[in-house]
Amino acid sequence: MKTKILLFLLIVAHPLMAQRLNDVKTITDKLSIEDKVLLLVGAGMDLSVISENKAAVGTTENKVPGAAGTSYAIPGLEIPEIVFADGPAGVRINPFRKSSPDKTFYATAFPVATMLASSFNIELEQKIGSAFGNECKEYGVDILLAPALNIHRNPLGGRNFEYYSEDPVIAGKMAAAFTNGVQSQGVGVSIKHFAGNNQETNRTSVNTIVSERALREIYLKGFEIAIKESNPWTVMSSYNKINDVYTSERNDLLTTILRDEWGFKGFVMTDWFGGRDAVQQVKAGNDLLMPGTKEQQQAIISAIKDGSLSMKDVDRNVARILNIYLKTPSYLNYIPSGNPDLELHKKIAFEAASEGVVLLKNNKQTLPLKNQNDVIALFGIGSYNTIAGGTGSGDVNKAYTISIAEGLEKIGFKLDTDVANAFQTYIIDQKSKQKPKKMFFLPDEVINEMDWSDAQLKAIAKKSSVGIFTISRTSGEFFDRKIDPDFNLKSSEIQFIKKLNNAFHKLNKPVIVLLNIGGVIETATWKDLPDAILLVWQPGQEGGLAIANIISGKVNPSGKLPMTFPVKYTDVYASKNFPGTVLDTTKSTNLFAGVASEVVYEEDIFVGYRYFDTYKITPSFPFGFGLSYTKFAFTGFKVEQLTDGSLKINCSVTNSGKTDGKEVVQVYVSAPGGKLKKPDKELKAFAKTKLLRAGEKQDFEINLSAYQLSSFDSEISAWITEKGKYKISVGSSIADLPLFGTINKPTTEIILKTNKALVPTRKINVLK
Ligand code: BGC
């Protein structure tokens, strides 16, 4: 109590605070029209990073070098510049500042969001969020441009690594946890990209044509969960159009749905240079235009002058922006220390990587490698040059990345030195031949794998105990991935696995494949070859150490797939229309402006496992799948329907094996078909066990509201639960659900009425 009073006195008595205006109305009344426009349009960006044009240079470089943008300061009213920085894998800022030449400002590189989602661990995600928040605050960032929660609609999505999942419940729950963590530190987030930004090809001009139901149930759902469960300070609208109109210019998206229906209280900013019509953006409730241009300022001023834009709309947006700015560290005169708790964050990054690794195959308990004296023949560029994360705004300027090789050596494994030396020399040589990137945020050049002859491999197999081959991939903004040879392995990669098998299996020694990737790849044609496959994703700066600890068995893998791994690319329904059709073939594709194009989401709600499961397409690895070094038993199932239509589900998980480990409880619902066709199963909730000792049991009670059980009926614009049997299944993946039961709903109920919004302007030929 005493400390509270002291804190209160300190705050109230702070001389700077005393001069501060702290109510939005008083500030707004003092602002000139020009000031107001400065608040609606960001302070610009040094375009030299993307072109010769240096005209619009923001103030970012003065305050936090390398941040994505800043707002204008209004010095007369003591409104400082507010700083915005990316992104989902770490705070993306420049580690060097001219103003502090003796200090560095490295941010922690956490695993990519897809890997964080693979942990299925909400508490961990919140802890990671707090670490991000601390780094933002102590490095001078007010608003973090993360989390990113677009849906993995297609495995080729170039930024899928920045996004969580093909499932909106995972995406929404993770984003909410992350947001709660970040904002607990007194800085804000921007949940992005709202909405339907599921590809990079022509991302700034593509018209996404999609049904109201698919929007509500799939593409908006994660955002809805995040808004309702975490109150993010800001939302970033996306680049694309939805049903003919840019998202940043859609009143029904940014006002009707986001604010009126979901109760969002913060402000909306555009993605960088997103949308076209500044005045329409202001009207639609896209409060802040980032990074901001002089043209936008002029357009808004002229519209105010000629009466086509009302001051009411301007003031409304200004108030929403100020409401948030008044909470920022910059406004509160917080002096960033430059010293976030990097030691703690390193441990959290390690934990995050440890929990996100997914064991896909483990024949005859190849893993863990029990004998620490094992000599590992470690192959693959990614073993030595481990890819910590993707490129573009999802990149992090990190102090270091522990490679898989370093991680293994750090915990005492011996590497075959001939192989290790050959790779290290080769990588240095290849890197020296690479041309510098034209623009820093473009994807990295890929180094081709080394060639090894059968004779060489035979000799290496003789003097080592196990062969490990790391396959790696990178991607990032502006480009989607290719089918060949990115989604599909290069023939040389498959060839190499075969050669390694020949050499090692002849001597009864195992072969392990590690997947250092940011998105789904083809696995069906080669997964039978190695003895074990470990999906290590792009695991952040501590990745190599986490992977080594899983290989040694010190950590038991507990990650699960937040998406489906198809047998072949064409098994994904969206492969039929991704990335859409170019409408204007006379123009060549411009990386930044894109060309007019459209993509029709014909698969409708049948995205990811909803398609595979319902249409009985066997995947290579199913959604939710991941092995462990121990076994778990699911028991004690009970489901009860309460009077409000919600469900109470009970179950227990016991570690029935010999090794300590964690398991994920996944709850799926099969709703009855009626007026609306339903997916065979949908994930509705999940929970992770604590570290269960061998023999230990944990009980779970999970509640599902009637709203969580409902589907969207666009004909009447309402969420409904249709009458009939609801099957509730619980288990460790969509393909392994040992517990189940049913409840009956005797009548069809309207659970929630919504507004008519985002209506397609033409008939969509959806999958039935
Ligand atoms: C990306 C955003 C990012 C912004 C600022 C854009 O190109 O789409 O995700 O936050 O740049 O760096």
Side-chain angles (χ1 to χ4, degrees), residues 42-51 56 58 60-61 64-71 82-94 107 112-113 132 136 141-151 157-164 171 175 178-179 182 187-206 208 223 232-240 246-248 267-275 286 288-293 389-397 439-443 475-480 518 590-594:
M45 182 182 182
D46 180 358
L47 292 179
S48 61
V49 294
I50 52 172
S51 72
T60 310
E61 286 306 305
V64 180
T70 41
S71 66
I82 304 299
V83 180
F84 305 85
D86 288 305
V91 185
R92 191 175 63 85
I93 54 172
N94 190 331
V112 295
F132 269 78
C136 282
V141 173
D142 296 289
I143 292 176
L144 177 75
L145 305 174
L149 57 149
N150 297 91
I151 293 292
R159 292 179 83 177
N160 280 2
F161 70 94
E162 290 189 62
Y163 307 146
Y164 292 110
F178 183 83
T179 299
V182 174
V187 295
V189 301
S190 193
I191 68 172
K192 67 189 188 184
H193 310 86
F194 189 57
N197 178 180
N198 309 104
Q199 64 183 61
E200 288 303 284
T201 310
N202 292 320
R203 64 178 185 172
T204 55
S205 47
V206 68
T208 298
F223 287 95
W233 286 11
T234 82
V235 167
M236 185 190 290
S237 54
S238 58
Y239 281 130
N240 52 290
Y246 280 107
T247 58
S248 57
F267 72 80
V268 176
M269 70 178 83
T270 58
D271 197 348
W272 267 227
F273 304 105
N286 195 120
L288 175 64
L289 313 187
M290 286 303 285
T293 64
T391 54
S393 60
D395 203 353
V396 190
N397 295 313
M439 297 173 218
F440 75 88
F441 47 81
L442 293 181
S475 72
E477 267 190 281
F478 301 106
F479 304 99
D480 291 310
N590 171 318
L591 194 57
F592 301 104

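When reading the values below, keep in mind they use all heavy atoms of this one structure, side chains included, and skip hydrogens, waters and symmetry mates. What you see is a predicted model, and the numbers here were worked out from it, not measured in a lab. Counting begins at 1 with the first residue of the sequence. Counting starts at 1 for both ligands and their atoms, in listed order.
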### Task
Run through Asn197, Asp271, Thr247 and flag the one making a side chain to side chain donor-acceptor pair (under 3.5 Å) with Ser238.
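That would be Thr247.
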
### Message
Measuring only between side-chain heavy atoms, which start at C-beta, is Ile191 closer than 4.5 Å to Phe223?
### Response
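Yes; the side chains approach each other to less than 4.5 Å.
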
### Task
Could you name the protein residues that come within less than 4.0 Å of ligand 1, counting only heavy atoms, and order them by chain and residue number?
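Only Ala68, Asp86, Arg92, Leu145, Arg159, Lys192, His193, Arg203, Met236, Tyr239, Asp271, Trp272, Ser393, Glu477 have heavy atoms that fall under 4.0 Å of ligand 1, ordered by chain and number.
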
### Message
Going by ring-ring contact (aromatic ring centres under 6.0 Å, His included), name the residues that satisfy it together with Tyr246, two or more places apart in sequence or in a different chain.
### Response
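Here no residue qualifies.
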
### Task
List for me each residue that meets salt bridge (Lys or Arg N to Asp or Glu O under 4.0 Å) alongside Asp86, sequence neighbours excluded, and say none if there are none.
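Applying salt bridge (Lys or Arg N to Asp or Glu O under 4.0 Å) to Asp86 gives Arg92, Lys192.
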
### Task
Could you list the residues that satisfy side-chain hydrogen bond (donor to acceptor under 3.5 Å, both in side chains) with Ser248, not counting sequence neighbours?
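Checked Ser248 against side-chain hydrogen bond (donor to acceptor under 3.5 Å, both in side chains); matches are Gln281.
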
### Query
Between Ser190 and Leu145, is there a donor-acceptor pair closer than 3.5 Å when you use the side chain of the first and the backbone of the second?
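Not confirmed, Ser190 side chain does not pair with Leu145 backbone.
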
